[in-house]
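Reviewing the structure listed below.
What you see is a predicted model, and the numbers here were worked out from it, not measured in a lab.
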Amino acid sequence: MISFAECSARERIALLFDKGSFHEWIPPAERLTSPHLAQLGVPSAFDDGVAIGRAKLDGHTVFVAAQEGEFMGGGVGEVHGAKLVGMLQRALRDKPAAVVVLAESGGVRLHEANAGLIAVSEVMRAVLDVRAAGIPVVFLIGGANGCFGGMGIVARCADFIVMSDVGRLAMSGPEVIEASHGVEEYDSRDRALVWRTSGGKHRWLTGDCDALVEDDVAAFRAAAIAAMKVSRPVTLEALEAEHALLGARLAMLPLENDGIDQATLLWRELGIDKAERVPDLDVDDVRALRAA
């Protein structure tokens with residue numbers, strides 16, 4: 001068993017896809033770096049924190065993007081985003097079996113705020129274009145930095161999301177929530193709280209991810225192979241159903257919680273027996289709760 005969370009972006013590529021099949025586009029040797037970071041005197045990476053290319057997955061050609069969480073938390077800047085968009089646009093031309101994104105990002109880089117925000121919006125549009133063409137877009141989330149901010153939104157635009165129990169997915173990261181609303185509202189140092197409210201188990205139980213797996217590269221590979229066959233058309237009816245689901249979920253939560261966190265309250269409202277035990281359950285047991 002090899003921990004997905006502990007691997008670098010390129011280690012994940014090497015282990016997830018068919019051996020030796022990855023061909024990288026715009027590799028580090030081309031030294032395409034962010035002009036904004038250089039102007040600010042901030043260290044750059046020769047791949048700008050993301051590797052893109054094509055690979056084989058169970059014999060099928062797929063396009064791949066892997067964000068490197070060790071570089072600026074996987075933050076999206078102008079070049080980083082442009083590489084993602086270029087890969088997605090190439091998918092429209094070449095029609096791979098799927099596009100697989102190994103997401104690990106804290107969101108937009110503050111150093112490149114406007115350029116990063118524009119880049120994320122372009123990535124979102126490109127993801128939806130690829131889905132509209134009938135090519136499945138699959139997100140794998142299990143890195144140490146989670147998937148937050150703009151990339152959290154992009155992930156929810158995908159056909160299929162695979163998360164590990166240690167993965168995290170949300171719009172705003174814990175530190176952002178604490179900075180905006182105070183530590184009394186959300187303590188970003190409370191790891192148990194953070195994982196209860198944005199972790200893989202929570203996202204599985206609330207239907208925000210499509211597969212929950214162990215923190216194991218082999219488990220992610222198996223889930224990605226299965227997800228290649230899932231293509232969900234973007235329709236008005238699907239969007240309206242999603243909005244209705246979110247509205248119903250919001251209505252479930254009481255204004256006063258008597259010291260019980262919102263995640264546990266929501267699990268109770270979803271009919272999960274002994275909801276307070278969820279954080280201590282293993283992955284198989286949590287999967288069974290949703291299936292029930």
Side-chain angles (χ1 to χ4, degrees), residues 5 103 139-149 151-153 155-216 219-220 223 227 230 232 237-292:
F139 265 66
L140 309 184
I141 302 172
N145 290 284
C147 184
F148 294 106
M151 286 306 297
I153 300 173
R156 291 294 285 129
C157 291
D159 288 277
F160 202 93
I161 297 176
V162 180
M163 292 185 70
S164 69
D165 58 333
V166 300
R168 289 170 294 153
L169 170 65
M171 168 55 201
S172 296
E175 291 83 4
V176 173
I177 299 173
E178 181 182 307
S180 299
H181 298 284
V183 69
E184 298 82 6
E185 175 73 18
Y186 198 89
D187 185 353
S188 64
R189 293 168 297 179
D190 186 342
R191 291 174 60 84
L193 173 63
V194 170
W195 261 265
R196 283 200 305 275
T197 52
S198 63
K201 291 177 180 177
H202 176 63
R203 293 304 176 198
W204 166 255
L205 292 173
T206 56
D208 295 319
C209 78
D210 303 284
L212 177 66
V213 300
E214 299 278 3
D215 177 30
D216 176 25
F220 270 101
V230 179
R232 295 170 175 156
E237 291 76 17
L239 291 174
E240 289 176 339
E242 180 79 5
H243 278 255
L245 175 65
L246 293 173
R249 186 185 301 173
L250 183 62
M252 288 180 181
L253 296 174
L255 296 177
E256 301 296 331
N257 60 25
D258 296 324
I260 302 173
D261 67 85
Q262 298 288 303
T264 303
L265 289 170
L266 181 56
W267 299 336
R268 288 180 179 176
E269 291 296 323
L270 291 172
I272 295 170
D273 187 37
K274 298 180 180 178
E276 65 279 357
R277 295 180 54 242
V278 167
D280 300 320
L281 298 176
D282 61 27
V283 167
D284 287 339
D285 289 335
V286 174
R287 282 198 293 250
L289 288 175
R290 180 167 138 183

Shortest non-hydrogen contact between [X] and [Y], atoms and distance:
X	Y	answer
Met163	Arg203	SD-CB, 3.7 Å
Phe160	Ala211	CE2-CB, 3.9 Å
Val194	Ser188	CG2-O, 3.7 Å
Ala155	Cys147	CB-SG, 4.1 Å

Arg156 and Leu169: CA distance, side-chain angles, deciding distance, side chain to side chain contact (heavy atoms under 4.5 Å, CB included) verdict: CA-CA 9 Å; Arg156 291 294 285 129; Leu169 170 65; 4.2 Å; yes
Would you please test Asp208 and Ile161 for side chain to side chain contact (heavy atoms under 4.5 Å, CB included) and show each step? CA-CA 8 Å; Asp208 295 319; Ile161 297 176; over 6 Å; no
Between [X] and [Y], is any pair of side-chain heavy atoms under 4.5 Å apart?
X	Y	answer
Trp267	Arg196	yes
Trp195	Val166	yes
Phe148	Val176	no
Phe220	Ser164	yes
Met151	Asn145	no
Leu205	Val278	yes
Arg268	Glu276	yes

So that I can tick it off, tell me whether Asp284 and Arg287 are bridged by a salt bridge, with the cut-off set at under 4.0 angstrom between side-chain N and carboxylate O. yes
Could you give the distance from [atom1] ([X]) to [atom2] ([Y]), rounded to the nearest 0.5 Å?
X	Y	atom1	atom2	value
Ser198	Leu193	OG	CG	8.5 Å
Leu212	His202	CG	NE2	12.5 Å
Met252	Leu265	CE	CG	12.0 Å
Lys274	Asp280	NZ	CG	12.5 Å
His181	Ser172	NE2	OG	7.5 Å
Thr206	Lys201	OG1	NZ	14.0 Å

Just wondering, are more than 12 heavy atoms of other shown residues or ligands nearer than 6.0 Å to CZ in Arg232? yes
Would the distance check show the side chain of Asp165 and the main-chain N or O of Val283 forming a donor-acceptor pair, the cut-off being under 3.5 Å? no
